[in-house]
Peer 1: 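Pasting in a structure now, in C-alpha cells, and then I'll have a few things to ask.
Below, chain A is the first sequence line, B the second, and so on; all start at residue 1. This structure is a prediction, so every number in the text was calculated from the model and none was measured.
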Amino acid sequence: MAIVGVVASGNLEALFERTDDESACRVEVSTAAHGFQPLWEAVLRDFVARGTGGLRISINDGGARPDMVALRLAQGLRLMQDPEA
Amino acid sequence: MSQAATTTQRRVSWFEATARQRLAALLDPGSFTEFLGPAAREISPHLALFGLPAQFDDGIVIGQAKLGGHEVFAAAQEGRFMGGAFGEVHGAKLVGLLRAAKAASRDAVLLLDTGGVRLQEANAGELAISEIIRAIVDLRAEGNSVIGLIGGRAGCFGGGGIIAGCCTRLIVSEPGRISVSGPEVIETNRGVEEFDSQDRAFVWRTMGGKHRYLTGGADCFVDDDTTAFRAAAIETLAGRTPLTVSVLEAEQARLKARLKRFGAAKDGSEVWQALGVTNPASVPGMDTEEFLNATKAVRESADDAR
Amino acid sequence: MTHDKLLSKLFPAGHNVIVQDGLVFGGGTLGGSQPVHVIGVAERSFLGVEGAIALAEHVLSAVKGTARHPILVLVDSRSQRMSRHDELMGLNEFLAHLAKCLLLAAAQGHRTVALLYGGSAAGAFIATALACDTLLALPGANPEVMDLPSIARVTKLPLEKLQEMAAATPVFAPGLENFAQTGAVAQTLDPAGDLAAQVLEALSLPPTLDERDRLGAERGGRPRAAEIAARVCREAKTA
C-alpha cells in the first residue's frame, strides 16, 4: 500500500493497493470538479500504458491539473515498486 | 530546556512538510505503525453534503512508534486538508488514540496543525475537542506526558489552541502560531482597529512562536526544521510531570502574574520590552540561535506549571 | 431564565452566589440539602483571560477544601472574548487552565455538573460547560460553535441553503436539540418542575467515563465517533 498527495486545492491524494488480478489496473476517481472526464481518461490511459497491472488506485481529487495528476501517479507507482509496500 | 539544533545537513522545513513527512522525519525510522490508515477509508460522512472532497485519513495520521527509542503514540494533523480542522472522524481518531495511550500507559506526541473546528461538522468537531481535552487530562493524571509540536501551515487555532494549552510541553517554531480566535475572526467581529489581520508582522508579534516562547506559552523554540523538532521532542520526553493539583496551582500563579506584569501591553514588542529583552524591535528578525541567546535569561518559563 | 430566578429555584433557602461582571461565584445548599460550590458565566458575557483565571481560582480553592462538594457550573455566555489583549496574553492557556481545573476537580472526587440556561459558544463552551462530567440544559438554551450567518460567510454557501441542510442533519447547526443529539447534553430539564430536585438527581448518579460519543451514536447526531474511537483502541491493543 502507498499513499501520495493530499486533498487540497490543485492537489489530490492517490491510494495504491495491490490486487490479485495482474491483468487489470482499477482506478476510482472521486472529484467535485465536473466535466473533466475526457481529460482524466487521457491521463490515466497514458499511465496504465506503463504496465500497472495488479493495482487498485483510489483518487480523491481537490481539483488537480493533469500534470499534478501524472506526478502523483508516478510517485505512487515508484513507492509500489518497493516489495514491502 | 532544549536549545535549537543548528544543523549543517539538508534542512527539511516542518512548515512545508505534509503530516506524513513530518511523522517520517520525527519518529525513529521504520518504527511507525498506523492505526485506521487510509486503506480503511474512514472518511468524513458529512463533507459530501457540502459537495466537498474527502480524504481517506480525514486529515489526521495516528499510530504507534518509537521516538529516541521511547515507545509513543503519535498523531499528525494535515493542515492542507480542510485547514487541519477537527471533524467527527478526525477528532474521534485522536480521542481513540489518547484513550489507547492511557490504557497502554504511553506518552503521546501531537503534531498539531489546525484552524480549529471544521464548520461543516461543527458540533461533532467541538465535542471531539472537548473529548480530546478530557482524554489528555486523564492521560496526564496517570503520569504520562503529552507533547505538542506546532509549526505548521494552519497554525494552532480555535479549540486546537486550547488543546495545546492542555499539553505537558509544547515545542514551537517561528512560523507556529497559537491562539483561540484567529486574526480574521477578531477583525470580522471587532474591526480592523482592534486587529489588522493583514498585518503579518503584528499577527506574529501577538500569537507567533517567538512570542509564545518568550511568555511561557511554549517551552521549546526550534528552527523550522524536522531534525530540530525531533531532537527537541526526544529531549522533552525524558522529563516527566504528572498533572496534579499543585501543577495547576503553579499555573494559576503563573498566569495571574502574566496578566499583572504584561496586562497593559498593546503589542508583543511591549511585552518583550517589559520582560527585559534588549532591543525588542530586533526580535522578529533574529535567527534561532541569536534569539535563544538574547532571551534565555529573561523569558518566562512554564516548566511544571502547565 | 434570568440568573436570579434560576438561583432562587435551585436554592430556595437562599445562597451566597454573586454575579459580578458577568461571572458567577459562590455556593449554596442545593434544594436545601446538598452543599455545592457554584461558578459560572452569566448575562451572555464573553469569557476572556481575566474571567477564566478568576473562575479557575474558585475551582482550585474548592479542590483545596477537605469536603468533596459538587461544583455546579451555571452557563449563559457568548464565545471566548475576541480581542488583541486576550490573544496577546495567551487566551488559549487561560481557557485550557480552566478546563483542566474542572477536570482535575472531578478526578479529585468532586462531581462537576454544568447547567446551560442561556447561550454559550466556541472556546467559552469548551472551557466551562463541556469541561464538566455532566451537562444539563434548560429548554431555550442555545449552544453553538458559530451562528449560521457566519458559517455561511466562511463556507461561502447561501444562508438559505444552509438552513435547508441544517434541517437534514444535527451535525453543524446551532441549537440545543442539535447538541443534545451529538451527545453533548446529558439531559434537558423540565423548567416547570422542581429544578433543584432534577439537578440533585443528576448529582446522585456516579460519575462515568466520557460517554458522550456513545450517546451521540445512540441519538443519531454523531454516527461515527464512538465506533472510530473504539476501533482505534482495538487496533492499538493488537499492534
Peer 1: Are the side chains of R258(B) and F94(C) in contact, using a 4.5 Å heavy-atom criterion?
Peer 2: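 The answer is yes; the side chains approach within 4.5 Å.
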
Peer 1: Hey, does the side chain of E87(C) reach the backbone of M207(B) with a donor-acceptor pair shorter than 3.5 angstrom?
Peer 2: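 No; judged by distance alone, with no hydrogens or angles, the pair does not exist.
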
Peer 1: Just by modelled atom types, is the R84(C) backbone N or O under 3.5 Å from a matching donor or acceptor in the R190(B) side chain?
Peer 2: no

Peer 1: Taking E235(C) for the side chain and L36(B) for the main chain, is one N or O donor matched with an acceptor at less than 3.5 Å?
Peer 2: yes

Peer 1: Return the CZ to CD distance between R153(C) and E184(B), rounded to the nearest 0.5 Å.
Peer 2: 11.5 Å

Peer 1: Before accepting this row, confirm whether a basic side-chain N of the pair E42(B)/R224(C) lies closer than 4.0 Å to the acidic partner's carboxylate O.
Peer 2: yes

Peer 1: What part of T215(B) gets closer than 4.5 Å to chain C, counting heavy atoms only: side chain, backbone, both or neither?
Peer 2: neither

Peer 1: Would you mind checking which part of L94(B) comes under 4.5 Å of any heavy atom in chain C, side chain (CB onward), backbone (N, CA, C, O), both or neither?
Peer 2: neither

Peer 1: List the steps, then state whether side-chain contact (heavy atoms from CB on, under 4.5 Å) holds for L162(C) with F50(B).
Peer 2: CA-CA 9 Å; L162(C) 269 182; F50(B) 290 82; 3.9 Å; yes

Peer 1: Starting at CG of L95(C), measure out to CD1 of I162(B) and round the result to the nearest 0.5 Å.
Peer 2: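 That separation rounds to 4.5 Å.
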
Peer 1: Is P223(C) in contact with chain B via its backbone, its side chain, both, or neither, using a 4.5 Å heavy-atom distance?
Peer 2: both

Peer 1: E270(B) versus chain C, heavy atoms under 4.5 Å apart: side chain, backbone, both or neither?
Peer 2: neither

Peer 1: Is it the backbone or the side chain of R177(B) that comes under 4.5 Å from a heavy atom of chain C, or both, or neither?
Peer 2: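 For R177(B), no heavy atom lies under 4.5 Å from chain C.
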
Peer 1: Would you mind telling me which of I151(C), V171(C), L91(C), D213(C) has the largest number of heavy-atom pairs within less than 4.5 Å of chain B?
Peer 2: V171(C)

Peer 1: Measure K161(C) against the heavy atoms of chain B and call it side chain, backbone, both or neither at under 4.5 Å.
Peer 2: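 Looking at K161(C), nothing touches chain B.
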
Peer 1: With chain B as the partner, which of T182(C), T169(C), L103(C), L102(C) has the greatest number of non-hydrogen pairs under 4.5 Å?
Peer 2: L103(C)

Peer 1: Donor-acceptor check, side chain of N123(B) to backbone of A173(C), threshold 3.5 angstrom: yes or no?
Peer 2: yes

Peer 1: Heavy-atom distance under 4.5 Å between the side chains of R212(C) and S130(B), does that happen here?
Peer 2: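 In contact.
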
Peer 1: Check whether E126(B) reaches the backbone of V145(C) with its side chain - one donor and one acceptor, N or O, closer than 3.5 Å.
Peer 2: no

Peer 1: Relative to chain C, which segment of E194(B) carries a heavy atom at a distance below 4.5 Å: side chain, backbone, both, or neither?
Peer 2: both

Peer 1: Quick check on the interface: out of V245(B), V95(B), V117(B), who has the most heavy-atom pairs with chain C under 4.5 Å?
Peer 2: V245(B)

Peer 1: Does any heavy atom of chain C fall under 4.5 Å from the side chain of A124(B), the backbone, both, or neither of them?
Peer 2: both

Peer 1: Given heavy-atom pairs under 4.5 angstrom as the criterion, report whether the side chain, backbone, both or neither of L255(B) touches chain C.
Peer 2: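 Both parts, backbone and side chain.
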
Peer 1: With a 4.5 angstrom heavy-atom cut-off, could you sort out which part of R118(B) is near chain C: side chain, backbone, both or neither?
Peer 2: neither

Peer 1: Checking H211(B) side chain against L88(C) main chain: does a donor-acceptor pair fall under 3.5 Å?
Peer 2: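 Yes, H211(B) side chain to L88(C) backbone: donor-acceptor pair under 3.5 Å.
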
Peer 1: Rounded to the nearest 0.5 Å, what separates atom CD1 in I228(C) from atom CZ in F35(B)?
Peer 2: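 One finds 14.0 Å between CD1 of I228(C) and CZ of F35(B).
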
Peer 1: For Q120(B) and F172(C), indicate whether the former's side chain and the latter's backbone hold a donor-acceptor pair under 3.5 Å.
Peer 2: no

Peer 1: If we define contacts as heavy-atom pairs under 4.5 Å, which of A184(C), G123(C), S83(C) has the most with chain B?
Peer 2: S83(C)

Peer 1: More than 12 heavy atoms of other residues, nucleotides or ligands under 6.0 Å from CZ of R205(B): is that the case?
Peer 2: yes

Peer 1: Counting only non-hydrogen atoms closer than 4.5 Å, does F157(B) touch chain C with its backbone (N, CA, C, O), its side chain (CB onward), both, or neither?
Peer 2: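 When you check distances to chain C, no heavy atom of F157(B) falls under 4.5 Å.
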
Peer 1: Say you draw a straight line from CG of L209(C) to CG of D138(B); how long is it, rounded to the nearest 0.5 Å?
Peer 2: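 Those atoms lie 7.5 Å apart.
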
Peer 1: Of the backbone (N, CA, C, O) and the side chain (C-beta and beyond), which part of E249(B) lies under 4.5 Å from a heavy atom of chain C, both, or neither?
Peer 2: both

Peer 1: Which answer fits S44(B), side chain, backbone, both or neither, if we ask what part of it has an atom under 4.5 Å from a heavy atom of chain C?
Peer 2: neither

Peer 1: So which part of Q108(C) gets closer than 4.5 Å to some heavy atom of chain B, the side chain, the backbone, both or neither?
Peer 2: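 It is the side chain, since no backbone atom gets that close.
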
Peer 1: Heavy-atom distances under 4.5 Å only: say whether V49(C) touches chain B with side chain, backbone, both or neither.
Peer 2: both

Peer 1: Measure the shortest side-chain to side-chain distance between M82(C) and F195(B) over non-hydrogen atoms and say whether it is less than 4.5 angstrom.
Peer 2: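 When only atoms from C-beta onward are counted, F195(B) and M82(C) do not touch, as no gap falls below 4.5 Å.
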
Peer 1: CG of L127(B) to CD1 of I126(C): how many Å apart, nearest 0.5 Å?
Peer 2: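 The CG atom of L127(B) sits 9.0 Å away from the CD1 atom of I126(C).
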
Peer 1: Mind ranking M146(C), E144(C), E57(C) by heavy-atom pairs under 4.5 Å with chain B and telling me who comes out on top?
Peer 2: E57(C)

Peer 1: Give the C-alpha distance, both sets of side-chain angles, the deciding distance and a yes or no for side-chain contact (heavy atoms from CB on, under 4.5 Å) between D210(C) and R99(B).
Peer 2: CA-CA 10 Å; D210(C) 195 346; R99(B) 289 178 184 166; 3.9 Å; yes

Peer 1: Drop me the distance from K100(C)'s NZ to R140(B)'s CZ, to the nearest 0.5 angstrom.
Peer 2: 5.5 Å

